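Read the structure below first, then the notes.
As the structure is a computational prediction, the values presented were derived from the model and not from experiment. Residue numbers begin at 1 in each chain, while the letters A, B, ... track the order of the sequences.
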Protein chains: 2
Amino acid sequence: MSQELTSQTLAELMQRGNVFSDKCPSRDVLKHVTSRWGVLVLLALMDGEQHRFSALKRKILGVSEKMLAQTLQQLESDGFVIRTVFPVVPPHVEYGLTELGRQIAKQVVGLADWIENNLLQIIEAQQQYQSQQTSSLQHWQS
Amino acid sequence: MSQELTSQTLAELMQRGNVFSDKCPSRDVLKHVTSRWGVLVLLALMDGEQHRFSALKRKILGVSEKMLAQTLQQLESDGFVIRTVFPVVPPHVEYGLTELGRQIAKQVVGLADWIENNLLQIIEAQQQYQSQQTSSLQHWQS
DNA sequence: CTGAATCCTTGCTGATACTG
DNA sequence: CAGTATCAGCAAGGATTCAG
């Protein structure tokens, strides 16, 4: 019963402009992939290899086990990450990107790369903004 | 004194792999443009027109004045949004995208569009994930 | 009209401890 | 090894009020 959607429901979901509505499922997905750790997990998995939980924890500096598990679950539930369990003791679990995951990872990387490539201009703009703010503080000497 | 950066400082900032560090300025910018309202503001300004504060508030459903002002300030400080003040009464302020803003908006739109275009597959994956979760809850009937 | 300032609620986050 | 559960701290977010 979870294998079909009415075309009516889909039509509503696929509408453009829905992003301006908070109920749009796109916003949840966007939230997941652009979250603090979501971006880093996608980047860490971009090499196409399988990664163990502890390996990801070591690679992504500063992430707690809780947030790593949570982030991986979100990305898995969206179909971006595949989780493979080896029924051995001690437990062995590997994570990798699905085809869908590789595609969205490219988009995220594209955004991140653009920012890194244009960071100079951004920083200049930030400094101009700062100097303008301070220069407009001419309230001293009334 | 805010017009120059040493090439050494820049070299550090431009390093790839810095995204895995929390101190990377890129993460702040990424945070701004992918924030809950940042995406919507960029999308709302993508038409190239100038928009008044109240017009944006109407267009972006659910945003509070506080968050709209805050988001616009962040995007302006990053050099993505230009703020034009008309010294009249009552006050008249218009917002638009800079060239830098148009470029990053394209990246963000690319990400958002990809999600919308692939939403069907994502939703299917979510449903499969859900059904797998519930089917593994075979703890009843011990 | 366009915000700034304040208070208050919510949710995210991380450290700790515990399970299989 | 690979998580889950719980709790406490903090920052984001929202409603309201006030100012230019």
Side-chain angles (χ1 to χ4, degrees), chain A residues 22-23 27-28 30-41 44-45 50-77 81-96 129 132-134 136-139 142, chain B residues 22 27-28 30-41 44-45 50-77 81-96 129 132-133 136-139 142:
Chain A
D22 267 346
K23 307 177 308 304
R27 289 201 57 76
D28 295 324
L30 192 66
K31 189 91 175 171
H32 296 165
V33 299
T34 64
S35 69
R36 179 174 183 189
W37 305 114
V39 180
L40 300 184
V41 168
L45 296 178
Q50 297 292 316
H51 298 258
R52 300 192 60 171
F53 186 86
S54 51
L56 288 174
K57 187 178 185 310
R58 275 191 302 272
K59 185 165 185 176
I60 304 174
L61 301 174
V63 68
S64 65
E65 290 184 357
K66 175 187 171 182
M67 293 315 298
L68 181 55
Q70 192 178 106
T71 304
L72 285 169
Q73 283 178 18
Q74 286 175 344
L75 294 178
E76 187 194 359
S77 74
V81 163
I82 185 73
R83 180 174 179 268
T84 310
V85 180
F86 297 83
V88 296
V89 43
H92 186 127
V93 182
E94 291 187 344
Y95 295 90
Y129 183 82
Q132 287 177 15
Q133 295 304 100
T134 54
S136 67
L137 286 178
Q138 298 174 340
H139 296 300
S142 69
Chain B
D22 266 348
R27 288 202 58 78
D28 295 324
L30 192 67
K31 191 90 175 171
H32 296 165
V33 299
T34 64
S35 69
R36 179 174 184 190
W37 305 114
V39 180
L40 300 184
V41 168
L45 296 178
Q50 298 292 315
H51 298 259
R52 300 193 61 173
F53 186 86
S54 51
L56 288 173
K57 186 177 186 311
R58 276 190 302 272
K59 185 165 186 176
I60 304 174
L61 300 175
V63 67
S64 65
E65 291 182 357
K66 174 186 172 181
M67 294 315 299
L68 181 55
Q70 190 177 106
T71 304
L72 285 168
Q73 282 178 19
Q74 286 176 343
L75 294 178
E76 187 194 0
S77 74
V81 163
I82 184 73
R83 180 174 180 268
T84 311
V85 180
F86 296 84
V88 296
V89 44
H92 185 128
V93 181
E94 291 187 345
Y95 295 90
Y129 183 81
Q132 289 178 13
Q133 294 305 101
S136 65
L137 285 179
Q138 297 172 339
H139 297 301
S142 71

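To the nearest angstrom, C1' of D:dT4 lies 14 Å from CG of A:Leu68. If you measure from atom CD of A:Glu94 to atom P of D:dG3, you get 12 Å, rounded to the nearest angstrom. Separating the NE2 atom of A:His92 from the P atom of D:dG3 is a distance of 11 Å, rounded to the nearest angstrom. The separation between A:Arg83 atom CZ and D:dA2 atom P is 10 Å, rounded to whole Å. The separation between B:Glu76 atom CD and C:dT2 atom P is 15 Å, rounded to whole Å. Between A:Leu56 atom CG and D:dC1 atom P the separation is 14 Å, expressed in whole Å. Regarding B:Lys57, its NZ atom lies at a distance of 11 Å from the P atom of C:dT2, rounded to whole Å.
Using a 4.5 Å cut-off on side-chain heavy atoms (C-beta onward), A:Leu40 and B:Arg27 make contact.
B:Gln73 has no side-chain polar atom (N or O) that falls below the 4.0 Å cut-off from OP1 or OP2 of C:dG3. In this structure, B:Tyr95 does not reach the C:dC1 phosphate: none of its side-chain N or O atoms is under 4.0 Å from OP1 or OP2.
Under the side chain to side chain contact (heavy atoms under 4.5 Å, CB included) criterion, A:Val89 pairs with no residue, sequence neighbours left out. Under the rule for a side chain to side chain donor-acceptor pair (under 3.5 Å), A:Gln50 has no partner lying at least two apart in sequence or in another chain. B:Arg58 pairs by the side chain to side chain donor-acceptor pair (under 3.5 Å) definition with nothing, not counting sequence neighbours.
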- Task: Heavy atoms under 4.0 Å is the rule here; annotate nucleotides 10-16 of chain C 5' to 3' with B where the base is hit, S where only the sugar-phosphate is, and - elsewhere.
- Result: ---BBB-
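Checking B:Arg58 against B:Ala69, the closest nucleotide of DNA chain C that is more toward the 5' end is the one next to B:Arg58.
No contact: A:Phe86 has no heavy atom under 4.0 Å from any strand.
Here A:Arg36 contributes atom CZ and A:Met67 contributes atom CE; the two are 8.5 Å apart, rounded to the nearest 0.5 Å. The structure places NE2 of B:His32 at 4.0 Å from CD of B:Gln74, a figure rounded to the nearest 0.5 Å. Taken to the nearest 0.5 Å, the CG atom of B:Leu56 stands 8.0 Å off from the OH atom of B:Tyr95.
The list of side-chain hydrogen bond (donor to acceptor under 3.5 Å, both in side chains) pairs with a residue in residues 63-72 of chain A, not counting sequence neighbours, is empty.
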- Task: Apply side-chain contact (heavy atoms from CB on, under 4.5 Å) to A:His51 and A:Leu45, showing your working.
- Result: CA-CA 7 Å; A:His51 298 258; A:Leu45 296 178; 3.5 Å; yes
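In the helix from C:dC1-D:dG20 to C:dG20-D:dC1, the rotation axis of the first five pairs and that of the last five pairs differ in direction by 40°, rounded to 10 degrees.
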